[in-house]
Amino acid sequence: GQQVMQIPQYQHVQEGEDFTTYCNSSTTLSNIQWYKQRPGGHPVFLIQLVKSGEVKKQKRLTFQFGEAKKNSSLHITATQTTDVGTYFCAGRRGDYKLSFGAGTTVTVRA
Amino acid sequence: EAGVTQFPSHSVIEKGQTVTLRCDPISGHDNLYWYRRVMGKEIKFLLHFVKESKQDESGMPNNRFLAERTGGTYSTLKVQPAELEDSGVYFCASSLGGVVQGTDTQYFGPGTRLTVL
């Protein structure tokens, strides 16, 4: 079945620093979505990428979809304590169901 | 607008018992999904309803799991009999549909944390 690998599993970041989480799929994706889950919460939709090579920005967050539509990344600049949580990528292959990566759990030290 | 709601938020049962989880999607959303996250692993798809019909149940682990969506509104997921490995967080999500297949946003509920002892 479709697998989406996500690394790193954990990211401990100094406040103000940048970090990136990466997702790779074994198969070509039709689109990829990113979610954020705060501690004790549930996945909250951040963004969807559909086009090959697409780049989208949300304030300090930059999302990229690879040219081959098999990989994606989320880059956060100037990390803040509000960025704490687990970031999931979830890919789709032409249907409705989402295949989630394992998530990157981010902690921030002030 | 109310989001996806799930009940109960937590459930602790013994092996062999039955548990029924409920999901109320966002009003007007035809698509309803069940996902599960077992401790330390990724969130996995269980099944997908379009209105009252099961569109895809390829992720259902075995026949101890039964999902229904009578009337195309809320959905239930019954586990009978529960086993230890069924422990985890069960998420429900809904989406509006009516767009190019597989591009609409799925909104997740808070989840039900199931513990089987």
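Excluded from the calculations below are hydrogen atoms, water molecules and symmetry mates; all remaining heavy atoms, backbone and side chain alike, are included. Numbered from 1 within each chain, the chains take letters A, B, ... in sequence-line order.
Both B:Leu114 and B:Leu47 belong to a single network of hydrophobic side chains, linked directly or stepwise wherever heavy atoms of I, L, V, M, F, W or Y lie under 4.5 Å apart. Linking Ile, Leu, Val, Met, Phe, Trp and Tyr residues whenever their side-chain heavy atoms come within less than 4.5 Å leaves B:Phe91 and B:Val116 in two separate clusters. Residues A:Leu74 and A:Tyr22 are members of separate hydrophobic clusters, defined by side-chain heavy-atom contacts under 4.5 angstrom among Ile, Leu, Val, Met, Phe, Trp and Tyr. Taking hydrophobic clusters as Ile, Leu, Val, Met, Phe, Trp and Tyr residues chained together by side-chain heavy-atom distances below 4.5 Å, B:Phe7 does not share a cluster with B:Leu46. Hydrophobic clustering, with ILVMFWY side chains joined whenever heavy atoms are under 4.5 angstrom apart, groups A:Val106 together with A:Trp34.
A:Ser99 is not listed as a side-chain neighbour of B:Phe45, based on a closest heavy-atom distance of 4.5 Å or more. Residues B:Gln106 and A:Leu98 are in side-chain contact: their nearest non-hydrogen atoms beyond the backbone lie under 4.5 Å apart. Side-chain contact check for B:Phe108 versus A:Phe45: every heavy-atom pair is 4.5 Å or farther apart.
The environment of NZ in B:Lys15 is sparse: at most 12 heavy-atom neighbours from other residues, nucleotides or ligands sit within 6.0 Å. Other residues, nucleotides and ligands place more than 12 heavy atoms under 6.0 Å from the NZ atom of A:Lys56. Around the NZ atom of A:Lys36, the shell of radius 6.0 Å holds more than 12 heavy atoms that belong to other residues, nucleotides or ligands.
Only the side chain of A:Gln37 comes within less than 4.5 Å of a heavy atom in chain B; its backbone stays farther off. With a 4.5 Å cut-off on non-hydrogen atoms, B:Arg37 touches chain A through its side chain but not through its backbone.
Note that CD of A:Gln33 and CG of B:Asp104 are 8.0 Å apart. Values are rounded to the nearest 0.5 Å. A distance of 6.0 Å separates OG1 in B:Thr105 from CD in A:Gln48, rounded to the nearest 0.5 Å. Distance check, rounded to the nearest 0.5 Å: CZ of A:Phe88 to CD of B:Glu42 gives 9.5 Å.
Using cut-offs of 30° and 60° on the angle between ring planes, the pair B:Tyr33 and A:Tyr96 is tilted.
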Step-by-step side-chain contact (heavy atoms from CB on, under 4.5 Å) determination, A:Phe100 to B:Lys44: CA-CA 7 Å; A:Phe100 280 83; B:Lys44 284 197 171 180; over 6 Å; no
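Shown here for B:Ser58 and A:Lys97, the closest heavy-atom pair between the two residues is OG-NZ, 3.0 Å.
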